[in-house]
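Notes to accompany the following structure.
Note: hydrogens, waters and symmetry copies are ignored here, and every other heavy atom, side chains too, is used. In what follows, every chain begins at residue 1, and chains take the letters A, B, ... in the order their sequences are listed.
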Number of protein chains: 4
Amino acid sequence: MTKKLAKSAISQKRVLDAAARIFRDFGYAGTTMRAIADEADLKAGSIYYHYKSKDELISAVLDIGIHAVIDTVQNALKALPEDASGRQRIETAIHAHLSAIIDIGDYTLATRRVFGQVPEAIRAKNMRLRNSYGSMWQDILVEAQKRGEFRADANITLARLFILGALNWTVEWFKPGGRTIDDVAREFSSVVVDGLLDKQAGEISGSAQPPSGPRVRAI
Amino acid sequence: MTKKLAKSAISQKRVLDAAARIFRDFGYAGTTMRAIADEADLKAGSIYYHYKSKDELISAVLDIGIHAVIDTVQNALKALPEDASGRQRIETAIHAHLSAIIDIGDYTLATRRVFGQVPEAIRAKNMRLRNSYGSMWQDILVEAQKRGEFRADANITLARLFILGALNWTVEWFKPGGRTIDDVAREFSSVVVDGLLDKQAGEISGSAQPPSGPRVRAI
Amino acid sequence: MTKKLAKSAISQKRVLDAAARIFRDFGYAGTTMRAIADEADLKAGSIYYHYKSKDELISAVLDIGIHAVIDTVQNALKALPEDASGRQRIETAIHAHLSAIIDIGDYTLATRRVFGQVPEAIRAKNMRLRNSYGSMWQDILVEAQKRGEFRADANITLARLFILGALNWTVEWFKPGGRTIDDVAREFSSVVVDGLLDKQAGEISGSAQPPSGPRVRAI
Amino acid sequence: MTKKLAKSAISQKRVLDAAARIFRDFGYAGTTMRAIADEADLKAGSIYYHYKSKDELISAVLDIGIHAVIDTVQNALKALPEDASGRQRIETAIHAHLSAIIDIGDYTLATRRVFGQVPEAIRAKNMRLRNSYGSMWQDILVEAQKRGEFRADANITLARLFILGALNWTVEWFKPGGRTIDDVAREFSSVVVDGLLDKQAGEISGSAQPPSGPRVRAI
DNA sequence: AATGAATGAGACTTCATTCAT
DNA sequence: GATGAATGAAGTCTCATTCAT
């Protein structure tokens, strides 16, 4: 009995993986059940044994996609010491988010490509998950601001939208084999936390402080 | 004679505007010629009098989209004084980019939604325009770095990708009636230029310098 | 007034010629009004000033086609002396028919290509003309048979169908620049009138007898 | 297992037969997939399960058409004794060709009607088969000429074109229920081999012989 | 006489989905 | 669990035809 279930589960996974890859490459409407079936080494009709419809399939892919990001980021944050700084948390979260997006897979890529075209109901359901992810980020930033690490006059909500926007857009240009995720994460954190401004020169300058660490970063 | 030309041009514009709206809402494959025709108050077959195919239509929408952004940003930058600071340039460019994206219209929204699904050839053609736009940004940032305004160790290319990513993602959450473009532009510039860090507190602290100028920024 | 009529007539001729060429190349359903218009250097809508419909156009082309053949053949035959032999008449008619078909033009070629696909009513009307042409041939052959030139046991109707079939099929393989019409006409006449048989050798040979009896013919 | 294969094959045959009939009646561009589907008792979309496109369908019909003729004629010739005369071979081939054209079916009729309008590539492919058939005829005639049966001065190539033209044209007028194929084949052979000329009378005559018998042949 | 613009019908084709086997 | 065959709805596009100008 377990065996039978197992076989079914394996097929189901194969279909899901195939679906993610195809949705990723062709978008929602551009994806055909036959294409998914081919990728999963099945016939189109057979998919319906595992998933009731195309919509149920895309819904599963979407949910797995965001869950993967949420889980990866949450786990990475949990692994930090209690007293980690805001900078550390942000850098960690950015790194984890990018890892999930880039590494973990076709699911997140499929999500990005497909999200705007999926039937409203499916999108709404997935959106709830994504919003809870947004809250997580908001908490990190608000917390750091409360502790005095971040400027009191910064608009945290807009900052969060800026950060998540930049992160999500990464998949549009990131190519494995070029820059590493580490580099990208570090530099993103640096822009967000420190800004581009040269504080030695300052705007009005006057300050003689050297940049506190060897923040050198050649590309 | 002018009237005749006008009629054709008007229809063409009506079709194009309709196409942008529908592509924006339903993506490339999700958009039907009939839907565009309905929106333009024509019959589906009539579109073909003005555009040879769906692909030619989306191509036109895509090109208009990026051209609008390029033109708006270029004009805004030209209006700046010769000696404008990097911060000023960035803030101006961000503002202009957001204005174009949000204001000028559905074209840029359509672009965002459709880009990943459009036939390769069309995407490639449009990409050339977009790359030239990227160069414009790169120039602004490099220039400011050269003049000592921005940290020498900042990776300008990544910073640029980061900024444009965040800007382009804006359309996903920006709703007219809420925050103004001015606010968003100012805050985005602030994150990019100053970072989130509170320089008074500093990370390592030690520094006793007060923030040198009236960096006040109401939100 | 005559001038105006003239202009109209010229345009009409231009449309007709264009139609013949396009019908010839693409068949009835394969021909579009726009293609004809292009060939005639007009816009599609303008054709309707001269002809009420596509059907009226094809009908005109069809009628001109057969009329040209009829006229050419009739004139050629009239030019023969009263006492011309059957062989002479046949050779003359074959030559004239081929000339018309090949030389005179696209009309007859269009007819051949289009005939089987044209609406029944149009075909029927044109068929009446063609039948009268068939009668002309029948007369030539019957006459020759009556005068004892041709075998009394020959089935004239079938012979006529054979000849006209072979002639009409010519357009399928005849290419100007290769064999001349004269050659083809002479050889065709020779096959029809003399047969391929070598009379010196005979079939049974040895016998000086003409094959007197029921020339058995195994199937 | 055999049953499953059978079902597919049967449907495929049904579609093919239907296609031949419809192409025959309406030509290539005049034939719609729906019309074929109706004739085959299917829905239009279902045809695509068996054939990838209209072109693949017409191509299949065309190839079957010529193959049928080739096979029928080849088999008939093989059944002849080694020493069969040229006349016998021709009569046999004509008879077989007509049988195939008339009897075996709509395929050859469809070919005739459709050939001039089919996309070039398809026509070229089919033409290769047809040319090999032409060679077969050429061989028969050349052989007979070599053995002295046929006049040495006859142009065999033209004679062949003449014969095949007349044969192919038959479908334009032959109606089952009227003349039998036997009659037509015999008479066509007679025209080709013997010619129409009355050899007793000759052209120069001098002969006073009446046509030897009542070799009457009613139509 | 001719044209630009539009229409409506219908063509080929694709595709999600169903169901008997 | 899976497949072959079929369906019906819908999509892109073509085309004969109309009509105001």
(request) Output yes when at least one side-chain N/O atom of Ser11(D) is less than 4.0 Å from OP1 or OP2 of dA6(F), else no. (result) yes

(request) Starting from C1' on dG4(E), measure out to CD1 on Ile10(B) and report it in whole angstrom. (result) 14 Å

(request) Check whether any side-chain N or O of Thr31(A) sits under 3.5 Å from a backbone N or O of Ile22(A) as a donor-acceptor pair, and report yes or no. (result) yes

(request) Verify the contact: side-chain N or O of Tyr49(D) to OP1 or OP2 of dA5(F), cut-off strictly under 4.0 Å; return yes or no. (result) yes

(message) Using Watson-Crick or G-U wobble geometry with both distances under 3.5 Å, which nucleotide pairs with dA1(E)?
(response) none

(message) Could you report the tightest heavy-atom contact between Ile58(A) and Ile122(A), atom names first, then the distance?
(response) CG2-CD1, 3.9 Å

(request) Tell me the partner of dC12(E), counting only Watson-Crick (N1-N3 plus N6-O4 or O6-N4) or G-U wobble (N1-O2 and O6-N3) with both under 3.5 Å; none if nothing fits. (result) dG11(F)

(request) Nearest whole angstrom, please: distance from the C1' of dA10(F) to the CZ of Phe26(B). (result) 15 Å

(message) Using a 4.0 Å heavy-atom cut-off to protein, can you give one letter per nucleotide of nucleotides 11-18 of chain E, 5' to 3': B if the base is in contact, S if only the sugar-phosphate is, - if neither?
(response) SSBBSSBB

(request) Return yes if some donor-acceptor pair links the side-chain N/O of Thr111(B) with the main-chain N/O of Tyr107(B) below 3.5 Å, else return no. (result) yes

(request) Find which nucleotide of DNA chain F each of Lys43(A) and Asp41(D) is nearest to by heavy atoms, and output the residue with the more 5' nucleotide. (result) Lys43(A)

(message) Is it the case that over 12 heavy atoms from other parts of the model lie below 6.0 angstrom from the CG atom of Asp55(C)?
(response) yes

(message) Short of 4.0 Å, heavy atom to strand atom, which residues of residues 119-126 of chain B count as contacting DNA chain E?
(response) none

(request) Measure the distance from CG on Leu42(C) to C1' on dG4(E) and round it to the nearest whole Å. (result) 14 Å

(message) Strictly by Watson-Crick or wobble contacts shorter than 3.5 Å, is anything paired with dA20(E), and which nucleotide is it?
(response) dT3(F)

(request) Determine the sole option in Arg21(D), Arg14(D), Arg34(D) for which the salt bridge (Lys or Arg N to Asp or Glu O under 4.0 Å) test with Glu39(D) is passed. (result) Arg21(D)

(request) Test Asp17(B) against Lys13(B) for salt bridge (charged side-chain N to carboxylate O under 4.0 Å, His left out), laying out the working first. (result) CA-CA 6 Å; Asp17(B) 286 352; Lys13(B) 177 71 157 51; 2.9 Å; yes

(message) Can you confirm whether Tyr51(B) sits close enough to Gln12(B) that some side-chain heavy atom of one is under 4.5 Å from a side-chain heavy atom of the other?
(response) yes

(request) Would you indicate, yes or no, if dG4(F) has its OP1 or OP2 atom less than 4.0 angstrom from a side-chain nitrogen or oxygen of His50(D)? (result) no

(request) Give the rounded distance in Å between these two atoms: CD of Gln12(B) and P of dG4(E). (result) 14 Å

(message) Rounded to whole Å, please give me the gap between CD1 in Ile47(B) and C1' in dT12(F).
(response) 10 Å

(message) Looking at every heavy atom in both Ala40(A) and Val15(A), which two are closest together, and how far apart are they?
(response) CB-CA, 4.1 Å

(request) Assess Lys54(D) against Phe23(D): is NZ or CZ under 6.0 Å from the centre of the six-membered ring, and within 45 degrees of the ring's axis? (result) no

